[in-house]
Participant: 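For reference, the structure I am asking about is given below.
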Amino acid sequence: MNVAHLIDEFKELLEKENKQANLFQLKSQFLGKKGKLSTFSDQLKSAAPEERKELGKSINELKGKLENLFNERLEKLVEEEILQQLQKKKIDYSYRKKNKIPDSEMPGTHVVSEVQREIESIFSRMGFMILDGPHVEDEFHNFEALNIPANHPARDMQDTFWFGDKKHLLRTHTSTVQVRGMKMQEPPFRFVGPGKVFRCERTDASHEMVFHQLEGMMVDKDLSVANLIYFMKVLLKEIFQREVEVRLRPGYFPFVEPGFELDMKCLLCSGTGCSFCKQVGWVEVLPCGMVHPEVLRQGGIDPEIYKGLAFGLGLDRLVMLRYGINDVRLIHSGDLRFLRQFGQ
Ligand code: FA5
């Protein structure tokens, strides 16, 4: 058998196959221990010593060519398979029309987006800017700049989805926006940063793996805990359109000092205890505090001159309290029967 013929034959057979397993089988038929190439290697054994070097070289070249052909075909096949899968998953935009689903049955804006917009507008009126931040973050913005260095036990407070490089992650909280916001502007300033956050947690009635927070930050010369409490109260009053019962207790977050947990009386059970509030009667919705001087420094702000206040509202839980939704997993279920109750 001549070399050119072997190459052509392999090429032709590779082209005909459209399953990865068959490709690998073909590879072993040609390149395996007892494959077609091995007959050339056998010739090597019986060749005269002066011919061996040249022959060995050409066998290696041939092997390289066959391997290249195989790799090229495999790569193409994988690409084709991915394209096919994508085709299958394509969204059918004509589905609604084909099935004659009227507008009135389509869910409108998602309930979390709706409440988010409402809160954005409340803060806008109080002079806050609205900032956005990336979902894929680095260690610096999610932890280090927030006074949570490597090996700090607080890293375990939030179970993190890490990327393979161990440097990037899906942000575990919107406090990352504090870091970005401080670097963007000169004080005094105030902004809110709403968005999705991700935690590798076991889910239950009040815990999801993907949920929403709304960060708030204000930096100015004369700020105190009194300002913090004022903003929290305005927010809750506007959202619930009435005075709601809250309690403030000390809370530990490395990026604030002092730090607080602001809990709301559970509106689902009026404080008597249910699965949502874990029978406590109170729900954690608004952790907050005065920004730690080290965090201000990391953001390029002199803590001797400026003070900061910050809060991290749990948006989904607030939505649940407002509408009496007793399981956070419903919010993200995509169940149209649930979603149609909200939005316009
Ligand atoms: C934080 O994420 C801090 N970054 C908040 C903060 C900001 C504190 C600024 C101080 C200053 P925490 O892990 O407690 O804190 O989450 C904040 C809120 O998100 C909680 O009060 C709760 O309402 C909500 N939350 C937390 N985990 C979940 C979850 N798995 N599912 C739904 N909501 C959650």
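Note that this is a predicted model, so its numbers are computed, not measured. In each ligand, atom 1 is the first atom listed, and ligand 1 is the first ligand listed.
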Participant: Kindly tell me which protein residues have any non-hydrogen atom under 4.0 angstrom away from an atom of ligand 1, grouped by chain and ordered by number?
Facilitator: Gln158, His173, Ser175, Gln178, Arg199, Glu201, Ser206, His207, Glu208, Phe211, Gln213, Glu215, Phe253, Phe255, Val256, Glu284, Val285, Pro287, Cys288, Ala310, Phe311, Gly312, Gly314, Arg317
Participant: Which pairs count as salt bridge (Lys or Arg N to Asp or Glu O under 4.0 Å) when at least one residue sits in residues 197-217, sequence neighbours excluded?
Facilitator: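 Residue pairs passing salt bridge (Lys or Arg N to Asp or Glu O under 4.0 Å), neighbours aside: Asp204-Lys278.
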Participant: Which pair of heavy atoms, one from Arg171 and one from Thr176, lies closest together, and at what distance?
Facilitator: CD-OG1, 3.7 Å
Participant: Give the cluster check for Phe211 versus Ile325: same hydrophobic cluster or not, with ILVMFWY residues linked at side-chain heavy-atom distances below 4.5 Å.
Facilitator: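 Different clusters: Phe211 never reaches Ile325 through Ile, Leu, Val, Met, Phe, Trp or Tyr contacts under 4.5 Å.
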Participant: Shortest non-hydrogen contact from Cys274 to Leu268?
Facilitator: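 That would be SG-CB, 4.2 Å.
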Participant: Are the side chain of Asn99 and the backbone of Tyr95 linked by a donor-acceptor contact shorter than 3.5 Å?
Facilitator: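 It does hold such a pair.
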Participant: Start with the C-alpha gap between Met264 and Phe240, add the side-chain angles, then the distance that decides, and say whether side-chain contact (heavy atoms from CB on, under 4.5 Å) holds.
Facilitator: CA-CA 11 Å; Met264 240 182 87; Phe240 291 95; 3.5 Å; yes
